[in-house]
Amino acid sequence: MCGIFGVLSTIEAADKDSRVAQLVLCGLHALQHRGQDAAGVATLSRSTGNCNFHHGEGLVATAFFDHRVTERLLGSVGVGHVRYPTRGGPQPSATQPFVLHTKHGQMALCHNGELTNSEDLRKDLMRSVGFRSTSDTEVLAQFLAGGDDEQTPEERILSLMHSTTAAYSVVLATSAYLIAFADPLGMRPLCLGRDSAAETFFAASESCAISACGGTVLRDVLPGEVVRINWDGTQRSVRFQLPPPPPPHPAAHMHALAPQLQQQRRQKPQEAQAKSSASQLPEDSAPLEADEPEETPLPQRDPRGSSAAVLRAQRYVPAPCIFEFVYFSRPDSVVWGQQVHEVRVRIGAALAAEHPPAAGMDVVAGVPDSGTPVALGYAQAAGVRYDFAFARNRYVGRSFIKPDKTSRDLAVRLKFQPIRSVVAGKKVLIVDDTVVRGTTLPHLVQLLKEAGAVEVHVRVAAPPVIFECNMGIDLKKRNEMILNRMTQEELRRFVGATSLEFLSLQALGKVCGPGHCTACFSGSYPTKNLTVVDIEDIK
């Protein structure tokens with residue numbers, strides 16, 4: 001989970017000053033919640049072809065505290081990035097934008113996500129290029145910098161999509177154009193905007209960044225779409241074409257017939273003979289031959305017995321990450337056509353319907369910030385008073401995206417303090433967005449009890465997180481996820497809560513809409529490059 005932002009100005013004078021860099025920084029400030037490990041900006045001049053860039057560790061304000069740095073970032077095209085490390089660790093060489101000298105000139109690239117087959121691509125590229133980091137973003141950048149001389153940038157990006165389907169949203173800049181593209185599954189958000197008065201175009205991880213710069217949000221970049229905006233404002237869009245389905249394998253056909261054959265064996269011999277003709281699948285419904293091959297089910301393991309060969313469906317059905325609604329995105333953003341705040345309020349109402357409050361509940365409060373609108377929806381649906389139980393220190397970052405357990409624990413203690421007048425002598429129900437490592441909840445419950453709460457009930461706005469994510473979220477070790485080490489009742493006792501309940505996956509999916517990636521909850525991965533079996537094999 002990172003934040004990316006791109007700006008292109010068609011005004012000639014913008015090529016000779018830092019107005020584009022200032023806009024990129026403005027967008028990055030609005031996206032600061034998506035990454036606090038490092039920040040960087042690169043600008044390119046249309047007249048000279050030069051690329052100027054700067055990056056530093058920490059928040060945007062820290063990395064760019066010296067205004068003289070920004071004044072040197074001249075150019076009419078710019079991209080920026082706030083980093084949350086999922087691969088490559090907190091190493092300076094992995095800080096974005098990645099700037100490369102290519103045969104077509106200099107290129108700056110920012111990436112949000114994580115390539116699921118990064119190591120395979122790296123091995124292929126190492127035959128001809130060297131790497132300076134372990135970041136998968138550099139793999140992506142080196143891939144795009146190569147290719148045939150006659151390939152257009154769009155063709156090279158489409159070639160990338162054939163090589164890796166997830167997970168990435170990217171802004172890419174040269175001196176002549178700005179490109180924004182998203183993977184075929186559309187897993188990471190990316191939207192487009194424009195400020196017509198200033199003759200400026202934007203691409204951003206979230207709409208809040210475009211609005212912060214005075215722009216108007218136009219639309220989302222579609223899954224598998226490549227949008228190119230040229231220096232003169234002309235635009236072009238191409239979209240990844242789905243590959244044809246592979247030819248059916250006889251074993252796969254028998255796999256599809258197996259339930260019917262088993263049913264025949266249970267029938268009387270004469271009934272089986274009478275229905276033998278009906279047991280054959282019609283040709284137009286044979287496996288892998290459907291009109292929509294991306295939805296055709298396949299067995300996970302190759303029936304021929306090869307552990308190396310895994311049959312996976314050609315699943316290019318969009319699978320946007322549901323965690324954007326649960327935790328990542330700002331409430332004022334519109335993500336994939338939905339206002340995040342409104343989605344979270346609806347999640348709260350669904351949570352109240354599934355797990356209503358105990359009798360005599362005095363107050364419902366959210367764990368800031370993602371849990372606040374969920375708590376509001378819960379309180380409204382349950383008919384219980386809503387109030388603020390915690391004062392949050394705004395100068396401490398999001399504890400979930402801290403890189404290690406020690407810093408996460410410290411961040412929780414510094415970040416929250418209870419409001420005694422709200423909770424003292426009361427039965428309190430708090431709503432949190434998720435439970436992953438179990439770092440936050442024990443501290444929060446203890447703080448409320450120390451402030452005089454009689455009972456502390458906990459409701460969680462998502463199902464238990466129990467599976468790894470290798471598509472852009474720092475959830476890599478299953479043994480760090482607390483609900484893989486204890487039951488829900490054991491967790492309740494561990495955090496000291498009077499009651500503890502989670503929203504079901506079915507209810508969350510109903511609120512957010514169908515088709516989202518829920519792998520961290522369900523273990524069902526939407527990309528053909530990754531399955532639960534693959535993760536176990538890697539271990």
Separation between CZ of Arg437 and CG of Leu483, rounded to the nearest 0.5 Å: 13.5 Å
Side chain Gln338, main chain Cys512, donor-acceptor under 3.5 Å: yes
Heavy-atom side-chain proximity of His33 to Glu206 below 4.5 angstrom: yes
Any Val317 side-chain heavy atom under 4.5 Å of Pro526 side chain: no
Test item: His81 side-chain N/O and Thr95 main-chain N/O as donor-acceptor pair under 3.5 Å: no
Pairing residues for Arg492 by the salt bridge (Lys or Arg N to Asp or Glu O under 4.0 Å) criterion, not counting sequence neighbours: Glu489
Taking every non-hydrogen atom, the tightest pair across Ser118 and Val139: OG-CG2, 3.8 Å
Glu354 versus Ser504, side-chain donor and acceptor atoms under 3.5 Å: yes
Gln235 atom CD, over 12 foreign heavy atoms within 6.0 Å: yes
Shortest non-hydrogen contact from Asn112 toward Ser205: ND2-OG, 4.3 Å
Ala173: partners by side chain to side chain contact (heavy atoms under 4.5 Å, CB included), with sequence neighbours left out: Leu44, Val77, Val79, Leu178
Which atom of Cys110 lies closest to which atom of Ile4, heavy atoms considered: CB-CG2, 3.7 Å
Side-chain donor/acceptor of Gln32 to backbone N/O of Val60, under 3.5 Å: yes
Exam field: side chain Ser333 to backbone Val335, donor-acceptor pair closer than 3.5 Å: no
Residue pairs involving residues 178-187 (criterion salt bridge (charged side-chain N to carboxylate O under 4.0 Å, His left out); sequence neighbours excluded): none
Pair Leu500-Val460, side chain to side chain contact (heavy atoms under 4.5 Å, CB included): steps then yes or no: CA-CA 8 Å; Leu500 170 66; Val460 184; 4.0 Å; yes
Cation-aromatic face contact Arg34/Tyr84, 6.0 Å, 45 degrees: no
Val334: side chain to side chain contact (heavy atoms under 4.5 Å, CB included) partners, not counting sequence neighbours: Ser207, Gln339
His162 ring center near Phe240 ring center (under 6.0 Å): yes
Flag side-chain contact, heavy atom, 4.5 Å: Trp336 against Pro318: no
Shortest non-hydrogen separation from Gly215 to Phe202 and the atoms involved: CA-CE1, 3.9 Å
From Met126 atom CE to Glu119 atom CD, the distance as rounded to the nearest 0.5 Å: 9.5 Å
Whether Asn484 side chain and Ile466 backbone form a donor-acceptor pair below 3.5 Å: yes
Mutual orientation of the aromatic rings belonging to His516 and Phe325 [parallel < 30°, tilted 30-60°, perpendicular > 60°]: perpendicular
Glu155 (side chain) donor-acceptor with Thr152 (main chain) under 3.5 angstrom: yes
Test salt bridge (Lys or Arg N to Asp or Glu O under 4.0 Å) applied to Arg228 - qualifying residues, sequence neighbours left out: Glu154
Enclosure of Met486 CE (heavy-atom neighbours >12, cutoff 6.0 Å): yes
Closest contact, heavy atoms only, Phe98 versus Ala141: CB-CB, 4.3 Å
Arg156 and Phe143, any side-chain heavy atoms less than 4.5 Å apart: yes
Pairing residues for Arg485 by the salt bridge (Lys or Arg N to Asp or Glu O under 4.0 Å) criterion, not counting sequence neighbours: none
From Asp433 atom CG to Asp369 atom CG, the distance as rounded to the nearest 0.5 Å: 9.5 Å
Nearest-0.5 Å distance, CG of residue Leu376 to CD1 of residue Ile347: 13.0 Å
Closest non-hydrogen atom pair, Arg122 against Ser133: NH1-O, 3.1 Å
Met471 side chain reached by Leu185 side chain, heavy atoms, under 4.5 Å: no
Side chain to side chain contact (heavy atoms under 4.5 Å, CB included) between Leu115 and Tyr168, worked out: CA-CA 7 Å; Leu115 302 185; Tyr168 47 90; 3.5 Å; yes
Leu503 vs Val511, side chain to side chain contact (heavy atoms under 4.5 Å, CB included): CA-CA, chis, key distance, verdict: CA-CA 11 Å; Leu503 184 67; Val511 171; 5.8 Å; no
Sub-4.5 Å side-chain heavy-atom contact between Tyr525 and Glu468: yes
Pi-cation contact, Tyr378 with Arg459 (under 6.0 Å, within 45°): no
Leu144 vs Leu100 side-chain heavy atoms within contact, under 4.5 Å: no
Within-4.5 Å side-chain heavy-atom neighbours: Val171 and Phe5: no
Atom pair CD1 (Ile473) and SG (Cys517), whose distance is rounded to the nearest 0.5 Å: 7.5 Å
Check: Phe502 main-chain N/O paired with His355 side-chain donor or acceptor under 3.5 Å: yes
Under 3.5 Å: donor-acceptor pair, side chain of Ser169, backbone of Arg188: yes
Step-by-step side chain to side chain contact (heavy atoms under 4.5 Å, CB included) determination, Phe323 to Val465: CA-CA 11 Å; Phe323 231 66; Val465 176; 4.3 Å; yes
Test item: Ser163 side-chain N/O and Ser159 main-chain N/O as donor-acceptor pair under 3.5 Å: yes
Point-to-point distance, once rounded to the nearest 0.5 Å, from CG of Leu192 to OG1 of Thr216: 13.0 Å
